[in-house]
Every structure is written in C-alpha cells, then in structure tokens.
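Structure first, then comments.
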Amino acid sequence: MHGELVALPTETVYGLAADASNEAAVGKIFEAKGRPSYNPLICHVSSLEMAEQFVDLSSTAKRLIAAFWPGPLTLVCTVRESCTVARSVMAGLSTLAVRCPDNKITREIITRLDRPVAAPSANISGKLSPTTAMAVWHSIGDRVPLIIDDGPTDCGIESTIVAVDHDRLTLLRPGTITVDELSDATGLDVLDRDDKTISAPGQLASHYAPEANVILNQETSSGHVFIGFGALKGDFNLSPNGDLREAAHNLFETLRKADKTGRKTIAIAPIPSKGIGIAINDRLKRAAAPRNSDRETENTND
Ligand code: AMP
Ligand code: MG
C-alpha cells in the first residue's frame, strides 16, 4: 500500500483502507473523510491468527469467530501490549475493533500485506455509506488514488459490533448479524450498550445523512419523495416483499437515489424493529437526527 489509501470492497460497505501499522497512512483516512480523531477505526484482518497478534481473544471471542468469520461481525477486544497498530486507530482506547471481511479480494490483499488494514466506510464523515464503487467515487473519488470495484456489496449496512470482555458481550452497533444469533452461538445474553459500562465513541446521533431531511414512520408520501417498504409502495421500495435482509441491502443506495431527486424531504415507511430491522432503524434514526456540529450531536448511549 506504500502508505497510500485504497478503497476496498467488503460484504458490508466499501472501506477506505490504509496499512493499520502506519501512523501517517492512518492519518490520511481521518483527513480524507473529515473524521473526528476521537472516533476509532476497525482493523480488518485475514484470519483469527492475525487478530490474535494484536488483541486478547477469550474463548467466547473465539466461538464468535468460529461462527461468523469471515463475515459482518466486529469484535472489540483488549489490546495486547505488543500491539503494533497505530495509536490513532484506537483513538486513545485500550481496546481494538477487529473484523475479517467476507470478500476474497480484500482478504487476499490483507494476506499478502501480512498486516491488518484500518478501514472505515469510504465516504465523507457523517454522510451515506457507499455500497458501490461509483458511490465511493462520488463521495471521495478526488481523495483516494485507487478504488477497487467488486460490484454492489451484499449486506448493504455496516457490521454488527460487539464488545467482548471475557464472557461478557455488549452490543455496540446492530448489524445484519442479530443479537439472537450472537446468543445462539455463545449461549450468553448480549447486553445493550445502554447499560453505560462501555464506551462506544463515534456513535454520533446524526450520521448516514443524505442532503435532504429525513422523516420516519410515514404511511404516505404527503408530497415528499417516499421510500416504501412491503405493501407501502412509494417512489422507491426497500423490499416489496417486506424482506428485511433485502431492505438492508438496498438501504443506502435507495437513500442516495431519493436524495438525487433533489426534493427537500425524504419520507420513509415504517420498518419493523425486529431482527435486521433493528439495524435498519438504527441507521434511519441517525439519518433523520438533527444535524448540529459533531460534538453537539454526539450521544454515545442513544
Ligand atoms: P465505522 O465508521 O463504520 O468504521 O465504525 C467504526 C465504529 O466502531 C466507531 O464509530 C466506534 O463506534 C466503533 N469502534 C471502533 N473501535 C472501537 C473501540 N476500540 N471501542 C469501541 N468502539 C469502537
Ligand atoms: Mg461510516
């Protein structure tokens, strides 16, 4: 990577990647995105063995890895003293987020580099996440020398993030791997981050925001551009069959298309808050949140 940025495909959204061990290269990620330095990055690895060089993996963490890697699950674990990842990746925390992406090209790149890459979503901070190479191009194409195009991403929303402290699991961000699936794989309850015992920096109240205003739980268009779900047809529809996995896959690209209509407000149909719908509603709530300055809108426990 020679200290440069590369936009990489993953199964969740496209990532803006740099060699995680190279402080200057990681700095370019924060600069290109306009990302606040208190918001830590996820380290992408190609195997459990690579992750274990940097963080302590409890037996519970290993069970989750066996069940879900490669895949859209990020584990936040305690950093090892010998960890060579750039300090800015952790944003001053004593934990590191690690994930093994389910994309052959990206895994091959990490394997050949023989080091993790730090990679947040390849968009300007706070805006819609890119699920196609073209969306990366439109968002930060002028700031990244190479974009690798592997077609539209599969999941369409960012990974599930879970903090693993020995056998204590805390959900930091919902995703397409659900709390029930995490419990089934481990036999453990998953705590909600509302219990305030764990820091989840960077979970800003306003995030994933299109240019237009967003209003949620609408049954009709009321003159706005309308994103439907299931039988509520709309100008666009996240999933005519009411399939939540399909709705997640389509979410950001549909918001982008609705935004392109140039209308002032995007109205969105209700999405059931169960299973993957919890992750979709998490993103929609942030897309609809008031857009004050970053620090003012930060809310680590909402
Ligand atoms: P993204 O912007 O999709 O790359 O999201 C990364 C998110 O992961 C951050 O905003 C944090 O909420 C979370 N995260 C990353 N590293 C840590 C960590 N060490 N502890 C807690 N949360 C983390
Ligand atoms: Mg992001």
Side-chain angles (χ1 to χ4, degrees), residues 5 7-8 10-18 20 26 29-30 32-45 51 54-56 61 72-80 83 85-99 101 106 116-131 135-136 139-140 153 155-165 168-176 191-193 195-210 248 251-252 255-256 279 282-283 286-287 294-295 297-302:
L5 301 179
L8 293 177
T10 81
E11 79 282 33
T12 57
V13 302
Y14 274 75
L16 183 62
V26 171
I29 296 179
F30 285 93
K33 283 183 61 90
R35 182 174 173 110
S37 59
Y38 57 82
N39 190 352
L41 304 176
I42 295 173
C43 248
H44 292 67
V45 297
F54 301 92
V55 290
D56 289 327
L73 178 66
T74 297
L75 305 180
V76 171
C77 303
T78 305
V79 138
R80 292 197 157 194
C83 176
V85 161
R87 291 286 131 187
S88 57
V89 171
M90 281 93 90
L93 301 168
S94 56
T95 51
L96 176 69
V98 289
R99 167 169 121 75
T106 292
V117 300
S121 53
N123 54 278
I124 301 289
S125 193
K127 302 290 184 185
L128 294 173
S129 300
T131 55
V136 177
S139 183
I140 51 162
T153 65
C155 303
I157 58 172
E158 300 77 2
S159 58
T160 304
I161 305 181
V162 65
V164 188
D165 180 8
R168 181 185 168 93
L169 299 178
T170 309
L171 184 73
L172 300 184
R173 176 173 72 188
T176 51
L191 305 174
D192 203 85
R193 76 186 149 95
D195 74 351
K196 295 185 172 59
T197 55
I198 187 136
S199 147
Q203 299 277 324
L204 302 179
S206 171
H207 205 143
Y208 316 112
L251 181 68
F252 287 125
L255 282 167
R256 194 167 281 110
D282 169 78
R283 306 310 188 270
R286 294 173 204 279
D294 276 343
R295 275 298 187 183
T297 56
E298 185 178 16
N299 183 345
T300 56
N301 292 299
D302 65 336

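Counting from 1, the numbers follow the sequence of the chain as shown. FYI, side chains are in, hydrogens and waters are out, and symmetry mates aren't considered; it's all heavy atoms of this structure. Each ligand, and each atom within it, is numbered from 1 in the order the structure gives. The structure presented is a predicted model; accordingly, all values stated were derived computationally and were not measured.
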query = Looking at Leu93, which atoms of ligand 1 are within less than 4.0 Å of one of its heavy atoms?
reply = 18 (C), 19 (N), 20 (N)
ask   = In terms of atom number and element, which parts of ligand 1 are under 4.0 angstrom from non-hydrogen atoms of Val76?
value = 18 (C), 19 (N), 20 (N)
ask   = Is Ile161 touching ligand 1 with its side chain, its backbone, both, or neither, if touching means heavy atoms under 4.0 Å apart?
value = side chain
task = Check each heavy atom of His207 against ligand 1 and say whether those closer than 4.0 Å belong to the side chain, the backbone, both or neither.
result = neither
Donor on one side chain, acceptor on other, Ser129 and Glu158, under 3.5 Å = yes
query = Would a distance-only check, ignoring hydrogens and angles, find a side-chain to backbone donor-acceptor pair under 3.5 Å from Arg35 to Pro40?
reply = yes
Closest non-hydrogen atom pair, Thr131 against Gly156 = CG2-O, 3.5 Å
key: Distance filter under 4.0 Å to Leu172 heavy atoms, resulting ligand 1 atoms   = 21 (C), 22 (N)
task = Output the list of atoms in ligand 1 that are nearer than 4.0 Å to some heavy atom of Thr95, sorted by atom number.
result = 18 (C), 19 (N), 20 (N)
Heavy-atom side-chain contact between Val85 and Cys43 under 4.5 Å = yes
Under 3.5 Å: N/O of Glu158 near N/O of ligand 1 = no
key: Salt-bridge present (Arg99, Glu11; N to O < 4.0 Å)   = yes
request  = Evaluate the side-chain proximity of Ile29 to Leu41: yes if any heavy-atom separation is below 4.5 Å, no if none is.
outcome  = yes
task = Report the part of Arg173 in contact with ligand 1, treating N, CA, C, O as backbone and CB onward as side chain, heavy atoms under 4.0 Å; options are side chain, backbone, both, neither.
result = side chain
remark   = Per-atom filter on ligand 1: closer than 4.0 angstrom to a heavy atom of Pro120 are 4 (O)
ask   = Are any N, O or S atoms from Ser121 nearer to the Mg ion (ligand 2) than 2.8 Å?
value = yes
task = Heavy atoms only: give me the nearest Cys155-Thr12 pair and the separation to one decimal.
result = CB-CA, 4.1 Å
